[in-house]
Amino acid sequence: MRRTFSVALCAALLGGVALTGCTDTGASGGSSGDLPRTARQKQLDGGSIAKNPDLHGLKGAHFTVGSKEFTEQQILGKITLYALEAAGAKTKDQTGLQGTTIARSALKSGDVDMYWDYSGTGWTQFLQHDKPVQGSAAQFRATAGEDLRKHKIKWLGPAKFGNQYALARAADAPGRAGDVDSISDLAKLAREHPEDATLCGASEFLDRELTAMEQSPYKLAFPAPQVYQNAFALNFVNVAKGSPCTFAEVFTTDARLESLDLKVLDDDKGHFTTELAALTVRDATAKKYPQLAKLSKELGDALTEKTIIKLNGLVDLEGKSADQAALYFLRTNGFIGK
């Protein structure tokens, strides 16, 4: 039973910001209670970051922090902003940039000094490789090494969680769609019963993955009239209700997978790359401020898959802001004071 459907619908229709009364206290492990919407200086000074002598070299430095526009990215950006401020740095907030291309271009041009990205994205989009490296750690090392050599971009961390694209359906999808448990099953459905293969996706996914899936071992092709482009948050609602699509693009760390009772299809041929998250900075910045590697390692070690799903749920299911989710993370891990 999809007990939180109306909650997620409210959040999704507003791009991840819920209306008053659209809250959920069960899907993300209990209510987080009242969270501050910003950090007081006393709070920033009261945790392990401010007290860590290894980070004192960041005092007085100025950084512009970016992120992509979706929930998880904005949370990671806000975590970084507050962590830098706790270390004594001055920050400018440029979170919420529209898509990977813009965020990466901003980093390379110097419009932002850092943002979190994913090693699989780096491998396929920035380094233009067709085949992923097997194993999340190996993929991260390959991406980080080559991006540094070719583009002078340093990958710091990484986090303990990996995010990646996936395809999902409603767990109780009726008819033939309900028998699809893997992407191979979906490819067979699309060939034999194309009328049942409808897909919802955001623009970036459709631009990157439609052709790639057709050329992959799956040979998965959706009829053009049955591909619906919409905001990423609407993928979850649309596929949960089975209209206009029976399958949708999702991220594996999104709390709405559970709250809307969605089934992630098994990527049985390993098409989607493993995407450990890491803080990307220009090499010159990393060399000038080696403390950034220490800070990103501390944050990354605390950013487990369970944790990021919880943080995403605070925003997408409970209606908290990205700032509130970031401060919850920093406070509960002792990085800042309570």
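- One side chain, Glu72 or Asn312, offers a donor N or O that lies under 3.5 Å from an acceptor on the other.
- Side-chain N/O atoms of Asp117 and Thr280 include no donor and acceptor closer than 3.5 Å.
- The side chain to side chain contact (heavy atoms under 4.5 Å, CB included) search around Thr198 returns Gln226, Tyr228, Cys245, Thr246, not counting sequence neighbours.
- Taking Lys131 as the reference, nothing meets the side chain to side chain contact (heavy atoms under 4.5 Å, CB included) condition, with sequence neighbours excluded.
- Scored by the side chain to side chain contact (heavy atoms under 4.5 Å, CB included) test, Ala138 finds Val133, Arg141 as partners (sequence neighbours excluded).
- With hydrogens and angles left out, the side-chain atoms of Asp113 and Thr285 include no donor and acceptor closer than 3.5 Å.
- Here the side chain of Glu69 pairs a donor or acceptor atom with the backbone of Gly99 at under 3.5 angstrom.
- For Lys92, the NZ atom is loosely surrounded, since the number of other residues' heavy atoms within 6.0 Å does not exceed 12.
- Side-chain contact between Cys200 and Val239: absent, with no pair of heavy atoms (C-beta onward) separated by less than 4.5 Å.
- Among residues at least two apart or in separate chains, ring-ring contact (aromatic ring centres under 6.0 Å, His included) pairs with a member in residues 69-113 are Phe70-Phe251.
- Side-chain N or O atoms of Asn52 include none that pairs as donor or acceptor with a backbone N or O of Ser48 at under 3.5 Å.
- By the side chain to side chain donor-acceptor pair (under 3.5 Å) test, Glu204 pairs with Thr100, Arg208, sequence neighbours left out.
- Note on Lys78 versus Asp323: salt bridge recorded, some NZ/NE/NH1/NH2 to OD/OE distance being below 4.0 Å.
- Applying the ring-ring contact (aromatic ring centres under 6.0 Å, His included) definition to pairs two or more places apart or across chains, those involving residues 168-227 are Tyr165-Phe205.
- Inspection of the Asp130 and Gln215 side chains reveals no N or O donor paired with an N or O acceptor under 3.5 Å.
- Looking at residues two or more places apart in sequence or on another chain, you find no side chain to side chain donor-acceptor pair (under 3.5 Å) involving Asp266.
- For residues 120-156, no residue pair satisfies the disulfide bond (SG atoms under 2.5 Å apart) rule, not counting sequence neighbours.
- Taking the side chain as every heavy atom from C-beta outward, Ile49 and Leu55 approach each other to under 4.5 Å.
- Remark: side-chain polar atoms of Asp267 are paired, donor with acceptor, to backbone N or O of Phe272 under 3.5 angstrom.
- In plain terms, the two heavy atoms of Val315 and Ser321 that are nearest each other are CG2-O, 3.7 Å.
- Here Ser119 pairs with nothing under the side chain to side chain donor-acceptor pair (under 3.5 Å) rule; sequence neighbours left out.
- Within 6.0 Å of the NZ atom in Lys188, the count of heavy atoms belonging to other residues, nucleotides or ligands does not exceed 12.
- A donor-acceptor pair under 3.5 Å is absent between the side-chain atoms of Glu275 and the main chain of Gly162, judged by distance alone.
- Asn235 places a side-chain N or O within 3.5 Å of a backbone atom of Glu249 that can act as its donor or acceptor partner.
- Under the side chain to side chain contact (heavy atoms under 4.5 Å, CB included) criterion, Ala159 pairs with Trp116, Phe161, Ala277, Leu303, sequence neighbours left out.
- Residues passing the side chain to side chain donor-acceptor pair (under 3.5 Å) test with Trp155 are Asp147, sequence neighbours excluded.
- Taking Asp301 as the reference, Lys160, Lys297 meet the salt bridge (charged side-chain N to carboxylate O under 4.0 Å, His left out) condition, with sequence neighbours excluded.
- No donor-acceptor pair under 3.5 Å is formed between the side chain of Arg169 and the backbone N or O of Leu265.
- Under the 3.5 Å distance criterion, with hydrogens and angles disregarded, no donor-acceptor pair is assigned to the side chains of Gln139 and Tyr118.
- A donor-acceptor pair under 3.5 Å is absent between the side-chain atoms of Asn333 and the main chain of Phe335, judged by distance alone.
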